[in-house]
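Residue numbers start from 1 in every chain, and the chains themselves are labelled A, B, ... in the order their sequence lines are given, proteins ahead of strands.
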Protein chains: 2
Amino acid sequence: MSWKRDRPETPRGYHHGNLKEELVKAALGLIGEKGPNGFTFAEAARMAGVSPAAPYRHFRDRDELLADVAARGFQTFEAALSRAWDQGRPDPETAFHRLGRAYLAFAHDEPAYYSAMFEAGVPLDASPELRAAADRAFANLRQAAEALIARLPQGKRPPALMMALHIWAMSHGIAALFGRADGGRRPLPMSAAELLEAGMLIYLQGLGIGPETAAPQAG
Amino acid sequence: MSWKRDRPETPRGYHHGNLKEELVKAALGLIGEKGPNGFTFAEAARMAGVSPAAPYRHFRDRDELLADVAARGFQTFEAALSRAWDQGRPDPETAFHRLGRAYLAFAHDEPAYYSAMFEAGVPLDASPELRAAADRAFANLRQAAEALIARLPQGKRPPALMMALHIWAMSHGIAALFGRADGGRRPLPMSAAELLEAGMLIYLQGLGIGPETAAPQAG
DNA sequence: CAGCTCATGTTAACAGCGCTAACATGGCGC
DNA sequence: GCGCCATGTTAGCGCTGTTAACATGAGCTG
């Protein structure tokens with residue numbers, strides 16, 4: 001039985017006891033190593049020390065495991081964004097920039113999660129938990145947008161949803177194109193974080209939020 | 001021989017004559033239908049009416065076909081962007097917005113190409129042609145950035161590369177998150193094109209390029 | 001504690017995939 | 001007309017996802 005671990009770290013009997021968790025961890029590791037396509041149901045089972053058919057007791061198919069990983073990714077993503085935003089303390093601008101850095105930090109530090117969430121082709125409604133976690137993550141961006149908009153005079157307020165979408169799009173665009181651990185698809189003269197920071201400063205300036213007479217060049 | 005077409009549209013002998021082209025077309029169709037992961041070397045061969053091993057006479061492996069599709073995608077992408085930019089005529093602002101619409105139009109109208117280019121995980125240096133085509137496509141964005149920057153007074157000019165990266169990031173972010181033919185990952189109250197247009201207007205406003213501050217340009 | 005149940009594991013099997021080696025065909029240059 | 005070799009085919013390897021049939025034993029029930 002070549003699939004058995006040669007020296008089981010945690011000897012077990014017929015039943016594993018914690019297989020679902022271990023499969024998710026194995027999947028996360030494999031996605032991190034070889035990308036969401038290289039990830040294999042069979043290999044995850046092998047890493048967990050069970051037969052190739054065992055995972056089917058916990059996930060309908062490979063896609064459901066992927067969706068589970070993505071959902072967990074959105075949950076920790078949401079936690080990170082929420083912690084960074086910290087309800088806009090001490091002031092919305094400071095908290096907002098912290099939020100942007102947290103976004104990129106997540107993409108950089110958790111490439112496996114980010115991959116499962118945005119590159120594996122998992123549809124957002126693969127499961128209610130996934131959808132809910134993604135919505136909660138996005139809610140942080142929207143909340144930040146609202147707090148910043150509140151500083152504008154009544155007549156000049158853009159729709160908060162639109163602004164949140166812009167923030168998300170630029171963050172995701174930078175993360176996807178330049179922000180991965182491998183340096184991204186193209187070498188850059190500046191870091192992804194700096195790029196996002198500068199882009200967001202310009203965008204906010206365009207809305208009328210920000211240092212009044214600041215030059216567009218960000219430092 | 002079940003892989004043979006029941007009624008070959010173009011009857012052929014032992015040799016196909018145009019297999020490489022037909023494989024690329026088949027791959028493009030399959031990627032469009034089932035995404036870059038669903039695409040299969042064997043099925044492309046089936047569609048072309050040849051045996052599953054025939055494609056290996058034209059591509060080292062599956063990844064090389066994918067890279068070829070991506071390279072062709074970047075070539076037609078570059079052509080579309082170049083046509084839209086049209087050397088900045090009649091004026092950079094007009095041409096720039098045309099460029100943005102062309103970007104989204106490509107992502108929307110050629111989902112198979114866009115998928116192969118940005119979602120299939122093909123590394124940009126998979127082939128020199130790929131890298132070159134991608135660079136030429138990006139050069140259009142950079143050229144547009146430079147033309148717009150030239151309208152700013154000397155002291156307030158951001159780096160053109162940075163600006164081009166911001167444009168690319170926002171375009172790609174919107175295309176990836178909301179701009180696909182299936183409506184994207186999330187229903188929106190506005191179209192992707194409108195979202196990008198608004199985002200770019202705000203961004204340009206932040207740089208000091210906008211309706212109000214447009215400097216009369218002697219030309 | 002005996003016994004039953006059923007969640008969770010295993011084995012065996014199928015079809016399909018990427019890929020390779022060995023062989024077949026026939027278009028084209030000599 | 002002949003032979004080379006690009007291009008096709010066949011057969012087969014090991015892998016994958018997935019299912020069906022069977023095995024185990026943890027935990028409830030009496």
Side-chain angles (χ1 to χ4, degrees), chain A residues 1-6 8-27 29-31 33-69 116 120-122 126, chain B residues 1-6 8 10-24 26-27 29-31 33-69 116 120-122 126:
Chain A
M1 324 298 184
S2 66
W3 52 265
K4 268 188 187 167
R5 285 181 299 197
D6 295 338
E9 291 130 23
T10 305
R12 65 169 180 93
Y14 193 90
H15 288 82
H16 184 288
N18 196 25
L19 184 52
K20 187 164 185 174
E21 287 303 313
E22 215 161 304
L23 284 173
V24 170
K25 281 183 194 167
L30 289 173
I31 293 170
E33 277 180 43
K34 324 190 204 176
N37 303 355
F39 151 67
T40 269
F41 221 37
E43 190 163 2
R46 222 174 293 134
M47 292 183 81
V50 297
S51 80
Y56 289 87
R57 298 293 173 196
H58 300 275
F59 303 97
R60 194 176 350 89
D61 54 19
R62 185 183 177 280
D63 286 348
E64 192 170 286
L65 207 185
L66 227 47
D68 194 283
V69 172
V122 178
Chain B
M1 324 302 184
S2 67
W3 50 264
K4 271 189 184 166
R5 286 181 298 197
D6 295 339
T10 304
R12 65 167 178 95
Y14 194 89
H15 289 81
H16 184 289
N18 196 25
L19 183 51
K20 188 164 186 175
E21 286 304 313
E22 215 162 304
L23 284 174
V24 170
L30 289 172
I31 294 170
E33 276 179 43
K34 325 189 202 173
N37 302 356
F39 149 67
T40 269
F41 221 40
E43 191 162 1
R46 222 173 293 133
M47 292 181 82
V50 297
S51 82
Y56 290 88
R57 298 293 174 196
H58 299 274
F59 303 97
R60 194 174 354 88
D61 55 19
R62 183 181 178 280
D63 286 347
E64 193 170 286
L65 208 183
L66 227 45
D68 195 285
V69 172
V122 178

What integer distance in Å separates [X]:[atom1] from [N]:[atom2]?
{"X": "B:Arg46", "N": "D:dG8", "atom1": "CZ", "atom2": "P", "result": "17 Å"}
{"X": "B:Tyr56", "N": "C:dA22", "atom1": "OH", "atom2": "C1'", "result": "17 Å"}
{"X": "A:Leu65", "N": "D:dG17", "atom1": "CG", "atom2": "P", "result": "10 Å"}
{"X": "B:Asn37", "N": "D:dT16", "atom1": "CG", "atom2": "C1'", "result": "14 Å"}
{"X": "B:Glu43", "N": "C:dG18", "atom1": "CD", "atom2": "P", "result": "9 Å"}
{"X": "B:Lys20", "N": "D:dA6", "atom1": "NZ", "atom2": "C1'", "result": "13 Å"}
{"X": "B:Arg62", "N": "D:dC15", "atom1": "CZ", "atom2": "P", "result": "19 Å"}
{"X": "B:Arg57", "N": "C:dA24", "atom1": "CZ", "atom2": "P", "result": "14 Å"}

A:Phe39 side chain reached by A:Leu65 side chain, heavy atoms, under 4.5 Å: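 Yes. Closest side-chain heavy atoms under 4.5 Å.
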Pairwise side-chain contact, A:Val50 with A:Glu22, heavy-atom cut-off 4.5 Å (strictly under): no
Pairwise distance CG(A:Leu23) to NE2(A:His58) - rounded to 0.5 angstrom: 6.5 Å
Sugar-phosphate only, base, or nothing, as touched by A:Ala42 at under 4.0 Å among non-hydrogen atoms: sugar-phosphate
Presence of A:His58 side-chain N/O under 4.0 Å of C:dG9 phosphate oxygens OP1/OP2: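 True: A:His58 side-chain N/O within range (under 4.0 Å) of C:dG9 OP1/OP2.
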Proximity to the side chain of A:Ala53 - top-ranked nucleotide from D:dT9, D:dG17, C:dA12: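 Out of D:dT9, D:dG17, C:dA12, the nucleotide with an atom closest to A:Ala53's side chain is C:dA12.
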N/O donor-acceptor pair under 3.5 Å between A:Asp61 side chain and A:Glu64 backbone: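 Such a contact is found between A:Asp61 side chain and A:Glu64 backbone.
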